[in-house]
Student: 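Supplied in structure tokens, the structure appears directly below.
The basis for the numbers below is simple: all heavy atoms, side chains too, and nothing from hydrogens, waters or symmetry mates.
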Amino acid sequence: MAHLSPSWPPLPMSSSSAVDETGEVIAVQRTLCKDEHDGQSDFPEGGFTAWSTALGAFLVQFCGFGYSDAYGVYQDFYTQTYLTNSTPSAIAWIGSVNGFLVLSVGVMSGRMLDRGAFYHVMIIGCLLQSFSLFMLSLTKPNGYYQIFLAQGIGSGFATGLTYVPSIAVVSHHFQKRRSFTMGLVVAGASLGSIFHPIMLNNLINGRLGFANGVRASAGLISCLLFIACLLMRTRLPPQPKAVSYTRVLRNSVVDPAYIYSTSHDLSKEFSFYSLSILHSGSFIGRFTAGVISAYAGIPNTVIGSSLMSSAIIFAMIGLRSVASVVLIGISYGYFSGVCIGMMAPLVSYLTPDISDLGARMGITFAISSIGSLVGAPICGALLSSNYIWWKPVVFAGSVATCGGVIFASMQFILKLRQKTAIVYSKDASA
């Protein structure tokens, strides 16, 4: 993928007044041109180690976020068979807490990546994920708190430990192809969202039953995570000092473009039967997101996909047939997949110092986790027992539209920075 930032002419450094006058512009240029940083000019952009790391990260996404997205199968089984003494709302909180932890724990795991503890956090996360799933298979019928602890907290925390580091480590090996490779990696989550529900539905509701079915899936997850740990490798040295979240937050707060990029979350409240269709479209979207961004640019890709997603959400008001459900499911899945697939590359694009990438990604996904925690309950409350569909549709579409507008504001700020840098560069050269 061609580098997205323009190549600015070097600023003259012979005059101290010129340095003072253009000091701020230099910082802007460093933000826009990440390849000017030390240690970022010799990315391999391929090779066995780089692509094996990408494959390992793909497997982590497949087993982590992809497995969490299969909670709909568990929720249906819990509601009808296994947790009949619990309300549907209480059962839904298991999945909500799981999704919240998957994203919010990235604040800690991203910092550990920056400090050089990648292998430690990955091994601990993979072992905890395997342990939590095997413990889930030992839970008893109507043992709500056992399931909540194993699946909601244990599995969610384990997946959170591996989610951000597995995406961010790709940036150690790729720069020009970073957005394309990250798009391939996060496509693993969509592929898992297609595969795991089908597998779990046949295992849990088939001959094996709940206990043996969960053990079989846990065995598969354990094997794939073991392979992933063997494949992934870091390349850049760790930071000599501990990452200061105060400094990262301070730098992020004064960077409005980054703030705008973290303020968006998309609703994915579709009926149970349309989930496989939606995830299929999402897989294609995430898979092709890197290719699209190579031509349109990362910010423009995010803006276009988020606005298209919001328009399709509003189109759900007109659902009248199975064909319309399929069309909207595939369309929304594709464009939301493109948007989600570009989140990590966008954070990387807006991060001037790659040593802070893990921390910034952790902060970004932690903010997004709020939407994962409260989005479903809000839509469920708007839906009500009378199934008034237009209310949650309008709410979700309005939130998505606001996100697209905020992304457009981010791009406007980036364009202003580029123009300012060009003006100062010409004045300094003169």
Student: Under 3.5 Å, side chain of T162 to main-chain N/O of G125, donor-acceptor pair present?
Tutor: no
Student: Within a strict 4.5 Å, meaning less than it, do heavy atoms of the Y295 and T301 side chains meet?
Tutor: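 Not touching, per the 4.5 Å side-chain cut-off.
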Student: Please identify each residue that fulfils side chain to side chain contact (heavy atoms under 4.5 Å, CB included) with A90, with sequence neighbours left out.
Tutor: T87, Y144
Student: State, yes or no, whether a side-chain contact exists between F148 and L83 at a heavy-atom distance under 4.5 Å.
Tutor: no
Student: If I take atom CE from residue M308 and atom OH from residue Y334, how far apart are they, to the nearest 0.5 angstrom?
Tutor: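 Result: 10.5 Å between the selected atoms.
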Student: Quick one: pull up CG in L225 and CG in L230 and give me the separation to the nearest 0.5 Å.
Tutor: 11.0 Å
Student: Heavy-atom distance under 4.5 Å between the side chains of F48 and R233, does that happen here?
Tutor: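 Of all side-chain heavy-atom pairs linking R233 with F48, none is under 4.5 Å.
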Student: Do L184 and F58 pass the side-chain contact (heavy atoms from CB on, under 4.5 Å) test, and can you show the C-alpha distance, the side-chain angles, and the key distance before you say yes or no?
Tutor: CA-CA 7 Å; L184 296 180; F58 178 92; 5.6 Å; no
Student: Taking G281's backbone N and O only, do any of them form a donor-acceptor pair with Y332's side chain (distance below 3.5 Å, no angle check)?
Tutor: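 Judged by distance alone, no pair lies under 3.5 Å.
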Student: Decide yes or no for I167 and Q61: does some side-chain heavy atom of the first lie under 4.5 Å from some side-chain heavy atom of the second?
Tutor: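 Yes, at least one pair of side-chain atoms sits under 4.5 Å.
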Student: Is there a side-chain contact (heavy atoms from CB on, under 4.5 Å) between L200 and S217? Walk through the geometry before answering.
Tutor: CA-CA 7 Å; L200 289 170; S217 68; 3.8 Å; yes
Student: Identify, with sequence neighbours excluded, every residue that meets side chain to side chain contact (heavy atoms under 4.5 Å, CB included) alongside N202.
Tutor: I198
Student: Please answer whether the main-chain N or O of G152 pairs with a side-chain N or O of S155 as donor and acceptor at a distance below 3.5 Å.
Tutor: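 No; zero donor-acceptor contacts below 3.5 Å.
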Student: So for atom CZ, which belongs to F412, do other residues, nucleotides or ligands contribute more than 12 heavy atoms lying within a distance under 6.0 Å?
Tutor: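 No, not enclosed.
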Student: Tell me, please, which residues at least two apart from A311 pass side chain to side chain contact (heavy atoms under 4.5 Å, CB included).
Tutor: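 By the side chain to side chain contact (heavy atoms under 4.5 Å, CB included) rule, A311 matches no residue at all.
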Student: Going by ring pair (Phe, Tyr, Trp, His ring centres under 6.0 Å), name the residues that satisfy it together with W51, two or more places apart in sequence or in a different chain.
Tutor: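 Per chain and number, W51 pairs via ring pair (Phe, Tyr, Trp, His ring centres under 6.0 Å) with F174.
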Student: State, with a plain yes or no, whether a side-chain heavy atom of M232 is found less than 4.5 Å away from one of V60.
Tutor: yes
Student: If you take all heavy atoms of L307 and G404, which pair is closest and at what distance?
Tutor: CD2-CA, 3.7 Å
Student: Of all the heavy-atom pairs spanning A187 and F283, show the shortest one and how long it is.
Tutor: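 A187 and F283 have their closest heavy atoms at O-CD1, 3.3 Å.
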Student: At their closest point, which heavy atom of S305 faces which heavy atom of V338, and how far apart are they?
Tutor: CB-CG1, 3.8 Å
Student: CD1 of I340 to OG of S306: how many Å apart, nearest 0.5 Å?
Tutor: 11.5 Å
Student: Under the side-chain contact (heavy atoms from CB on, under 4.5 Å) criterion, do L149 and Y145 qualify, and how do the steps go?
Tutor: CA-CA 6 Å; L149 179 62; Y145 290 102; over 6 Å; no
Student: Kindly compute the distance separating CG (N98) from OG (S68), expressed to the nearest 0.5 Å.
Tutor: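 Between atom CG of N98 and atom OG of S68 there are 4.0 Å.
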Student: For C126, is there any backbone N or O sitting under 3.5 Å from a side-chain donor or acceptor partner on S130?
Tutor: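 Such a contact is absent between S130 side chain and C126 backbone.
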Student: When rounded to the nearest 0.5 angstrom, what is the spacing between CG in L133 and OG in S222?
Tutor: 7.0 Å
Student: Side chain to side chain donor-acceptor pair (under 3.5 Å) with S190: which residues, sequence neighbours excluded?
Tutor: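 Only S282, R286 meet the side chain to side chain donor-acceptor pair (under 3.5 Å) criterion with S190.
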Student: Can you find a side-chain donor-acceptor pair between Q151 and S132 that sits under 3.5 Å?
Tutor: no
Student: A side-chain contact here means heavy atoms from C-beta on lying under 4.5 Å apart; do I94 and I147 qualify?
Tutor: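 They are in contact (side-chain heavy atoms under 4.5 Å apart), so the answer is yes.
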Student: Examine distances only and state if a side-chain atom of T84 and a backbone atom of T81 form a donor-acceptor pair shorter than 3.5 Å.
Tutor: no
Student: For residues 188-235, pull every pair meeting ring pair (Phe, Tyr, Trp, His ring centres under 6.0 Å), keeping only residues two or more places apart or in separate chains.
Tutor: F62-F195, F62-H196, Y67-H196, F77-F210, Y82-F210
Student: I want to check something: taking the side chain as every heavy atom from C-beta on, are L220 and M199 in contact at a cut-off of under 4.5 Å?
Tutor: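 They are in contact (side-chain heavy atoms under 4.5 Å apart), so the answer is yes.
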Student: Decide yes or no for I328 and S331: does some side-chain heavy atom of the first lie under 4.5 Å from some side-chain heavy atom of the second?
Tutor: no
Student: Look at the side chain of T79 and the backbone N and O of D76, then say whether any donor-acceptor pair between them is shorter than 3.5 Å.
Tutor: no
Student: Do N142 side-chain atoms and N85 backbone N/O form a donor-acceptor pair below 3.5 Å?
Tutor: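 Side chain of N142 to backbone of N85, a donor-acceptor pair under 3.5 Å: yes, one is there.
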Student: Do you know the tightest heavy-atom contact between T49 and H173?
Tutor: CG2-CE1, 3.8 Å
Student: S171 and M182: side-chain contact (heavy atoms from CB on, under 4.5 Å), yes or no, with the steps?
Tutor: CA-CA 8 Å; S171 64; M182 284 185 172; 4.1 Å; yes
Student: Report the distance from atom CG of L416 to atom CD of Q411, rounding to the nearest 0.5 Å.
Tutor: 10.5 Å
Student: Of all the heavy-atom pairs spanning M410 and P299, show the shortest one and how long it is.
Tutor: CE-CB, 3.8 Å
Student: To check you understand the geometry: which heavy-atom pair defines the closest contact between D69 and S193, and what is its length?
Tutor: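 What the structure gives for the nearest pair is OD2-OG, 2.9 Å.
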Student: Can any side-chain N or O of T159 pair as donor or acceptor with the backbone N or O of G156 at less than 3.5 Å?
Tutor: no
Student: Indicate the ring-plane relationship of Y78 and Y74, choosing parallel, tilted or perpendicular according to the 30° and 60° boundaries.
Tutor: tilted
